[in-house]
Structure formats: structure tokens, C-alpha cells
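Worksheet: one structure, shown below.
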2 protein chains.
Amino acid sequence: MTPELKIQQMRYVLAIVDEGGFHAAARRLHRTQPALSLAIRDLESRLGQALFEKGGKALPTPFGDYCLPRFRGLVAEHDRLAQELLQHAEQRRGRVDVATVPSVASRLMPQLLADFVKAYPDLQVNLHDGNADYVQRMVAAREVDLGITSLWQVDDAFAFTPLMHDAVGVVCRDDHPLAGRQAVDWRELDGQTLIRNGTSRLLAGTEAASLLERSAFYISNMISLTAMLEAGIGITTLPRLAFPEEYQRLRFIPLSTPHVEREIGVLKSARHSLSPAAQAMERCILDSLGNSKNLALDR
Amino acid sequence: MTPELKIQQMRYVLAIVDEGGFHAAARRLHRTQPALSLAIRDLESRLGQALFEKGGKALPTPFGDYCLPRFRGLVAEHDRLAQELLQHAEQRRGRVDVATVPSVASRLMPQLLADFVKAYPDLQVNLHDGNADYVQRMVAAREVDLGITSLWQVDDAFAFTPLMHDAVGVVCRDDHPLAGRQAVDWRELDGQTLIRNGTSRLLAGTEAASLLERSAFYISNMISLTAMLEAGIGITTLPRLAFPEEYQRLRFIPLSTPHVEREIGVLKSARHSLSPAAQAMERCILDSLGNSKNLALDR
DNA sequence: AGCAATGGTAAGGATAACTTATCATTTTAT
DNA sequence: ATAAAATGATAAGTTATCCTTACCATTGCT
């Protein structure tokens, strides 16, 4: 019933009209003139009406005149769409949503995003941050394309690409007895006031696990936690990346025994592939953080 | 640079998504499953991005999700256009402009248009009327598709299809000496007050031409002319079709010597073809007035 | 009149599209 | 748990579509 009008046939019609003849149009389209003749005849037979007058010249019929602007419209629409989709496919347009843990957001993302917008200036980036559980849930719910986090729970619904190891250490004020030390053993913390935080669970399952049970404080908010530490109320443990360098009076001492580290990496859904923009972001992340095991974290 | 996205490929994508799988879609499209696989692969390679996830199920990728509504839009646009053009081609929609001489407009068009709208209820008809010169100029300027008129001037820019012969006669009031006659010779009009009108030039070039020179009146407007005739001021000549039957006191007496007639027919441009709607109108005119030499004009 | 355009036509070849047959996986049912 | 059925991918071969070469008819221009 409804004829299938091919975009290419319409293009031929437009070229013939614009160039004023079959030969000229054929030249422009890199075809031969009979190719156009046949294509036009086919289109005419589909519509049941002639598009060009019969006598010698390539003049549109009244019906052809009626079709012309409509063909032009659909072809323009097609080209606009093809262009748009290509730009998305080629990662020149689009949007990425990324979720990270706060330490990554503040320590790694600034440089990374600067590199990213330089490489992909027209891609929109949305950055969310929260704890590792939150990041993983955002990825699972597909509210973000990618997460940069440590693995919260192994689950084959996720694909995790490791980026770096982030060792846990003790954080204390500069007047604390441990402040000048190069390393510390967990047993030395016995009797100290330990403030737990969101990352403390990294110690669970290690020989230092008992420290957690003896701790009376839990503070999730980083601002509050640093305020407590600066006030000299106690000490805490943090992965190095999460240690806030900007607080002058705080010190980070690596925990040598047990050696505890979290593994930071890129998290994505294993079942779904990435949008083109997210592919660009993933590549950017891997290029920038992948090989260099990021040893430049010392101050 | 810009890939050529075929309407059919987009249709395949939509069918696969809507039917939830390659097999189901293939069934609906009367194709086999590999045909779809290959078409999709081709489209994906043109865009440089996968549209469906790899693992078994036919789930769209995020890029596929992005494409879907746009494909749907363009396909819908295509179908709408194809439908519209087909309706025009099949003369189910469109517009015809017709110009006629007044006699045709008042005596022939009412029935003809009634037949036409019955056969083509969705076609818009615009009817213009004026003298034969006006009609011919309208056709030449392509402001109308068709004219129904007598030929004003022969010119190979026009195609003229004769419909009927329309004999000239004398028109007078019922109390005129000629009123009861079956025929009249031009010599019998000698000494009568002859009022010329737009059709009087039909006598030019005949033996009765001298009558025109002796006439002091010329009235182009039909209402004015009939008023003059009803007032008994004079007589005139008119083709039978132009004789206004509705005036009870006026009589028409055929002119037997010389026998003068105009030929009424369909006029169109010889260089341009007709719009589909105009083709419908032409056919309707020829069917309704072509063969029957329209002898049913007596009252 | 003769030449150089125009577009149309016929036959054959290149390309694209589709089908049949088969395979590897996954899902469903027993 | 295992068989059966359904999924999509792949390879080879067929068909249809599209395009080209070669030629013709007509028109317009020197």
C-alpha cells in the first residue's frame, strides 16, 4: 500500500532539479546518466505519477513540484539525524555520568576532568560522589555509566578494572607521639582513642580488626572527622588517597603491620555496554590512571 | 563522511526492539533472521557503534536507546510523506484550478462539479470565470490548470480538446416580430437595433460581419445586456449556451444563415503536464461532456 | 546541414540483499 | 539434571537491485 521511498532516490531527484539536468546531476553524484533515468523511472512507477516532463528537458511536472520541497525536507532530516548520530557515536557529543568516592572526586577527578574536557570539549560530564556502597548502587541502577571506587561487594553483575592500590595508614595530629614515624604497627595503637570512619571497615578481617570493636566513635562526615582530629581528640585510619593534604597539622603514617589496602578501579555494569561518551570517559580514565600506579601521592 | 542510513534498516531496528527479538521481527517483516542480523551489522558498522548488546538477547545498547526514538521519528516522517504523496498521486487529495467562460460556468459547471465532488470528495476545486481571452491568459500563466472555453487564438503552447459546438442565434423579447421563428437569416436583422456583446466577434469574418459595424451598442456585462433586451431596446446575438434561460420574456432564434458556431473545449498548457488533481478534473470533464454532444440544451 | 547537447533504451556486470544450512549459547521444560 | 527449544551468529550460495557501457532518438545551436 504505502510505497517505500528511498532516501537516495529523493537525492537523485533533488540533484537533477538543482543541477538542471540528468547529466549534470550524474556528474555531481558520481553516477552515470542512465542510472538516474532508471532510478527516477522506478520512483515514478512507485508513486504512479511522473516527476519530470517527457520532452527532452528535465523540468519537474506539477506533481514533481509538489514533491520537491517534501523530498528536500525528508532528505535534510535524514542528513541531520545521520550527522547527530555520528557525532554521538564518535564521542563528539553526548553525556557521561560518573560516580566516585569522595577521595577520588577530590584528589583524582580535577586533573582527570581537565584532561577529559580538553580531549572531548563537547561532552557533558556529570559527577556524583558518595561512599563505595552508594557508587556501586548508582552503577547497578544505571544512574551513572561508570564508578571510580573500591569494590564494595564482588558481584558478577559488575565489571571492575583495577587502577591502583591505596594503602591504609594512621592519621593523627602533628603533636601526637606517632606523628614523625615512617610506619606503624597496629599493636602500637592499643589504648589510643580511635575514631572510625567509612573506610574503617577495610581493617575488618585483618589482625587489626579488634581495634574497631574498642572504638567508641564513628564519624562518616569528612569535615567533622578532620575537625575532631585537629582538636586532638583522637586518631583514625584512612587510605592515603583519602588523607586530606590540606590540613597542615595532620599527619599520615602508613600502617606497616598489617599491610591493608583498598583497590581503586573503574566499575561498570557487566550486562550493559557503555554509551559512546562513557566509552570516551573510560578510556580517558584508564589512560590517565591505568599504567602509572600513581606513586606521586607523597607530599 | 555522513553515513547513508536506509529507512529499511531503521525499520528493522524498530521491529527487533518492538517484537523483542530477531526471529519475531523477521517473522513480522517476512524476512529471515540472518537477513536482519546482516542488516543490523551493516548499520552498526556505518555508525561505528553497536546498537544491540552482544549476549544472546536482543537488548539495545545505550547508544541503541539513543537512536531508537530518532529512528522512529524519521521512519514515521517517511511514512507520512509517502502516504501524502500517494494520496496526491491517486487524486485523493489536492487542488484544481479551473477557468471558464461565464456561460460554461453557469450552465455546465453546476452539474459537472456535483459529479466531480461525488467522485473526488477530498479534492479542492477553485473555479474562475471570465471571457475567453481571460481564460486563455489564465491557462498560459498557469494560474489555472484547465480552461473550459472557446479558442481565442490558436497557439501551439496550448492543447485544446473540443467538447461541443455552440451555435449562435438571435436573442430578442417575446413581443419581437422574430420571436416565434424557428430560424433567421442575417439579412432579416437589417435595420434592427443590435446590441453587441463579448461573443459578437464570432460573427467577424462571416457574411454577417457588416451587422457589427452598424451597431451602436456594446455591453459586456450579462446582467446589463439582459436588462436592455427585456426593456425591448434592441436584440443581440449569443451562442445558445450563453442564452440565459431564466429570463421568461427572452427568446432565442438560431441563426441559419450564416451558420456560426463557437467550439467549446478543454484548454490546457501543451508544455506542462497536469497535476494529479487536474488530471482527475480533465477526465471528469471529458467523461461528462465529451461524447454526448450535449443536445439537451433546449428548454 | 551538421554537430553537440539532451534524455531514453537494452544488455551485461558488480554489488547489495536475502535465503538456506549450520553452529554455539542460553533458556525452558520435563 | 538433562533434553528440548529458542536465541543470535556465521558461511556459502542465490536473487534482486543497482549501475555501467554502448547505442539510439530528439532537440537546440552554430
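Note on naming: letters A, B, ... go to the chains in the order of the sequence lines (proteins, then strands), and numbering restarts at 1 for each one. Note: hydrogens, waters and symmetry copies are ignored here, and every other heavy atom, side chains too, is used.
- Evaluation of the side-chain hydrogen bond (donor to acceptor under 3.5 Å, both in side chains) rule for B/R92 yields no partner, not counting sequence neighbours.
- B/F160 is linked by a ring-ring contact (aromatic ring centres under 6.0 Å, His included) to nothing, counting only residues two or more places apart in sequence or in another chain.
- Under the side-chain hydrogen bond (donor to acceptor under 3.5 Å, both in side chains) criterion, B/E282 pairs with B/K268, sequence neighbours left out.
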Discussion item. For nucleotides 6-16 of chain C, give me one character per nucleotide, 5' to 3': B if any protein heavy atom sits under 4.0 Å from the base, S if the only such contacts are to the sugar-phosphate, - if neither.
Written reply: SBBB-------
Throw together a table of side-chain donor-acceptor distances under 3.5 angstrom for residues 23-32 of chain A, partners on residues two or more places apart or in other chains.
| residue | atom | partner | partner atom | Å |
| --- | --- | --- | --- | --- |
| A/R28 | NH1 | A/E19 | OE2 | 2.9 |
| A/R31 | NH1 | A/Y12 | OH | 3.1 |

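- Nucleotides of DNA chain D with any atom under 4.0 Å from a heavy atom of chain B span, from 5' to 3', D/dT7 to D/dT10.
- Scored by the side chain to side chain contact (heavy atoms under 4.5 Å, CB included) test, A/R80 finds A/E77, A/E84 as partners (sequence neighbours excluded).
- Residues meeting the ring-ring contact (aromatic ring centres under 6.0 Å, His included) test with B/Y66, sequence neighbours left out: A/H88.
- Checked against ring-ring contact (aromatic ring centres under 6.0 Å, His included), B/Y134 has no partners two or more places apart in sequence or in another chain.
- OP1 or OP2 of C/dA17 has not a single side-chain nitrogen or oxygen of B/Y12 nearer than 4.0 Å.
- When heavy atoms are screened at a 4.0 angstrom cut-off, A/Q9 is found touching no nucleic acid atom at all.
- Rounding to the nearest 0.5 Å gives a distance of 7.5 Å between CZ of A/F52 and CD of A/E44.
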